[in-house]
Amino acid sequence: MTLYKLARHDELVAPSMIVALDGWVDAGSAATTAAATLAEGGRVVATFDADAIFDYRARRPTLEIVDGRPESLTWPELTLRSTRISERDLLVLTGAEPDYRWHELSADVADLAGQLGVTEWISLGAIPAAVPHTRPVPILGTASEPGLLRGGVQPGPQGTLTVPAAAISILDIAITKAGIPSVGYFAQIPHYISGPYPGASIELLLVLGRHLGLELDTGHLPEEARLMRVRLDAAAAREETTRTYVERLESMVDEARLPSGDDLITEIERFLRDGGNQGGTRPN
């Protein structure tokens, strides 16, 4: 028995599979927001056994109560949808990061990708970093072999970086072992931000579009990013300490002083201590 159920679907031609899971590594919900935007209106190709892969006490379903009456439940899910853009078939796997059976899940996802004729795997993610909100969102890349990254994204950081693994990385490695080329694009999110960071979702969609050779719709994200920038600028203007810190980060970026592996580890550890949510206080 597999952990997934395959639905009836149209024939796919050499599809790329784009993957984003919430939690770690999805700072600012940047990756899952980008994936959801891409998959909007797509047809369900496969669903996964939620009872087998999720811990409902750690990731409780959401209950909606209307006029004192329990009305509905929204359960965590992991779903694969298909969409077609400019005659290009795309598969989007997104949802909650599973709690259980990672070994089995990774084998099943690799099997599913083989059945569907997937030609490449593209992970999307986001990590907290010492970067300012006033500069373009930096993107780090990973690749199963040299030369796969596109759009000017470079692999990094240089050297060895040892961090807690995310389920998306387990899937990535299983896909690579199955012979499917894989890449990852990871946005760096200002670590002082809390809540969604739509600017990073936009950048991930732009990078993904350049990789695929497609123009991807960013939906309502540009307006959300504009409003977020206004709030962040206002917060920095009110607080001298915050303004000084942002200016220091700006100088680092302007001098091309990219975060080191040690810097990234520090921010990642802070992110995990906060329970997978970004530290700091959301600006009003």
Side-chain angles (χ1 to χ4, degrees), residues 18-20 24-35 37-38 122-143 146-163 166 168-169 172 182-212 216 218 221-222 224-226 228-229 232-233 236 242 245-272 274 276-280 283:
I18 295 92
V19 186
W24 171 242
V25 289
D26 188 33
S29 301
T32 48
T33 298
T37 301
L38 180 63
I122 306 171
S123 298
L124 299 181
I127 56 176
V131 296
H133 71 276
T134 53
R135 295 293 185 268
V137 176
I139 302 291
L140 291 174
T142 62
L148 295 179
L149 293 170
R150 300 172 191 164
V153 175
Q154 298 298 315
Q158 297 300 311
T160 300
L161 181 62
T162 303
V163 297
I168 196 169
S169 299
D172 186 305
S182 67
V183 299
Y185 294 106
F186 296 87
Q188 296 182 63
I189 308 295
H191 66 79
Y192 52 85
I193 304 297
S194 66
Y197 194 58
S201 300
I202 293 171
E203 189 60 33
L204 285 172
L205 286 170
L206 292 176
V207 167
L208 178 61
R210 289 194 290 270
H211 180 97
L212 297 169
L216 302 180
T218 55
L221 292 174
E224 292 183 5
R226 185 189 70 80
M228 169 65 80
R229 175 62 186 269
L232 291 170
D233 285 347
T242 301
Y245 182 63
V246 170
E247 290 172 351
R248 183 162 68 87
L249 293 178
E250 288 174 337
S251 68
M252 292 175 61
V253 170
D254 294 343
E255 295 170 12
R257 290 163 55 191
L258 299 177
S260 67
D262 288 343
D263 290 336
L264 288 175
I265 289 174
T266 298
E267 298 305 332
I268 287 167
E269 288 175 342
R270 182 194 315 209
F271 181 77
L272 293 176
D274 291 336
N277 297 305
Q278 287 163 273

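Every heavy atom of this structure was used, including side-chain atoms; hydrogens, water molecules and symmetry mates were not. Note that the structure is a prediction, hence the values are computed from the model and not measured.
Residues Ala34 and Ser201 share a closest heavy-atom pair of CB-O, 3.8 Å. Contact detail for Val131 and Pro138: the closest heavy-atom pair is CG1-CG, 3.9 Å. Residues Ile127 and Leu140 share a closest heavy-atom pair of CD1-CD1, 4.0 Å. Nearest heavy atom pair, residue Val183 against residue Asp172, reads O-OD2, 4.2 Å. Leu148 and Ala143 make their closest contact through CB-CB, 4.2 Å (heavy atoms, listed as atom of the first residue, atom of the second, distance). Summarising the geometry of Asp26 relative to Ala31, their closest heavy-atom pair is OD1-N, 2.8 Å, with the distance given to 0.1 Å.
In this structure, CG on Leu208 lies 11.5 Å from OG1 on Thr37, to the nearest 0.5 angstrom. Here OG1 of Thr32 is found 10.0 Å from CG of Leu124. Values are rounded to the nearest 0.5 Å. Rounding to the nearest 0.5 Å gives a distance of 11.5 Å between CG of Leu149 and CD1 of Ile139. Separation of atoms CG (Leu216) and NE2 (His211) is listed at 11.5 Å; rounding is to 0.5 Å. One finds the CD atom of Glu224 at 9.0 Å from the CE atom of Met228 (value rounded to the nearest 0.5 Å). In this structure, the separation between CG on Leu205 and CG on Leu38 is 6.5 Å, given to the nearest 0.5 Å.
When the side-chain hydrogen bond (donor to acceptor under 3.5 Å, both in side chains) test is applied to Thr33, no partner is found at least two apart in sequence or on another chain.
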Quiz item: Tyr197 and His133: side-chain hydrogen bond (donor to acceptor under 3.5 Å, both in side chains), yes or no, with the steps?
Solution: CA-CA 10 Å; Tyr197 194 58; His133 71 276; 6.0 Å; no

Practice problem: Go through the steps to decide whether Leu232 and Val246 satisfy the test side-chain contact (heavy atoms from CB on, under 4.5 Å), and finish with yes or no. | Solution: CA-CA 10 Å; Leu232 291 170; Val246 170; over 6 Å; no

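Residues Asp233 and Thr134 form a side-chain contact, since some pair of their non-hydrogen atoms from C-beta on lies under 4.5 Å apart. Tyr192 is listed as a side-chain neighbour of Pro132, based on a closest heavy-atom distance under 4.5 Å. Counting only heavy atoms from C-beta outward, the side chains of Val25 and Val163 never approach each other to under 4.5 Å.
Under a 4.0 Å N-O distance rule, the pair Glu203/Arg210 qualifies as a salt bridge.
Looking only at distances, no side-chain donor or acceptor of Thr218 sits under 3.5 Å from a matching main-chain atom of Ile202.
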